[in-house]
Amino acid sequence: MENENEYELPSRNSLQPLAMTAIYDILTYIDMDAPVDVMQIVSSLCGTSYEEADYFVKANAVMTVKHLNEMKDAFRPFMKWRFERLPLLRQAILLLSYSHYFYVDPTVNKGVVIDIAVKLAKRYLGENDYQFVNAILDKVLQDRERLE
């Protein structure tokens with residue numbers, strides 16, 4: 001019989017939507033020109049104190065705030081319009097992928113990051129939005145790899 005007190009860690013797949021939502025919330029506050037409280041956003045989404053919240057969610061939220069302008073700049077050469085014109089949820093998925101790949105887990109495979117983003121886009125965005133997410137991430141992640 002399993003120990004009832006054992007704590008089961010959440011899977012990375014279950015954390016992706018939480019991290020995406022944290023980034024979406026951050027973008028919403030920025031869009032409203034309101035103060036961003038990353039600790040409150042993360043703790044609220046994770047249902048626990050910030051200190052006890054999962055590292056993946058915290059790290060992606062913090063890295064997004066810290067490197068937001070740099071990340072937006074990485075997408076601009078591959079877009080016909082400004083990054084800020086994209087719907088916030090699409091921005092959140094792209095920024096999560098970028099943050100995950102370059103800041104949170106540099107050992108993760110580029111294909112895995114893109115696959116996760118495509119799954120999030122299929123689940124949360126419009127019918128064909130996943131194609132845009134797939135194409136732009138492939139270009140941006142490959143370009144950034146080349147520059148480093």
note = Correct closest heavy-atom pair for V57 and A22 would be CG1-CB, 4.4 Å

task = Please determine if K110 forms a cation-pi arrangement with Y101, meaning its NZ or CZ atom is less than 6.0 Å from the six-membered ring centre and no more than 45° off the ring axis.
result = no

request  = Going by the side chain to side chain contact (heavy atoms under 4.5 Å, CB included) test, name the single residue among V112, V118, I114 that passes it with I116.
outcome  = V112

inquiry  = Exactly one of V108, L96, D105 should register a side chain to side chain contact (heavy atoms under 4.5 Å, CB included) with V113. Which one does?
reply    = V108

note = Smallest heavy-atom separation, Y130 atom then A121 atom, equals CA-CB, 3.7 Å

task = Mind checking the NZ-CD spacing from K58 to E51? Nearest 0.5 Å is all I need.
result = 7.0 Å

note = One should read off an interatomic distance between L45 CG and L15 CG, to the nearest 0.5 angstrom, of 11.5 Å

task = Begin with the C-alpha distance, continue with both residues' side-chain angles, and end with the deciding distance and a verdict on salt bridge (Lys or Arg N to Asp or Glu O under 4.0 Å) for E84 and R76.
result = CA-CA 10 Å; E84 293 79 6; R76 285 191 175 106; 2.7 Å; yes

ask   = From S44 OG over to D37 CG, what is the distance, rounded to the nearest 0.5 angstrom?
value = 10.5 Å

ask   = With sequence neighbours left out, what residues match V36 under side chain to side chain contact (heavy atoms under 4.5 Å, CB included)?
value = I26, Y29, I30, V38, I41, V65

inquiry  = Measuring from atom CD of Q16 to atom OG1 of T21, what distance do you get when rounded to the nearest 0.5 angstrom?
reply    = 11.0 Å

note = Shortest non-hydrogen pair, R123 vs P17, comes out as NH1-CG, 4.2 Å

key: Nearest-0.5 Å distance that lies between atom CG in L88 and atom OG1 in T28   = 5.0 Å

message = In terms of relative ring orientation, are H100 and F56 parallel, tilted or perpendicular, with 30° and 60° separating the classes?
response = perpendicular

request  = Taking atom NZ of K72 as the centre, report whether more than 12 heavy atoms of other residues, nucleotides or ligands fall under 6.0 Å from it.
outcome  = yes

task = Check whether any side-chain N or O of S43 sits under 3.5 Å from a backbone N or O of M39 as a donor-acceptor pair, and report yes or no.
result = yes

message = Does F75 have more than 12 heavy atoms from other residues, nucleotides or ligands lying within 6.0 Å of its CZ?
response = yes

Straight-line distance of S97 OG to N134 CG, nearest 0.5 Å = 10.5 Å

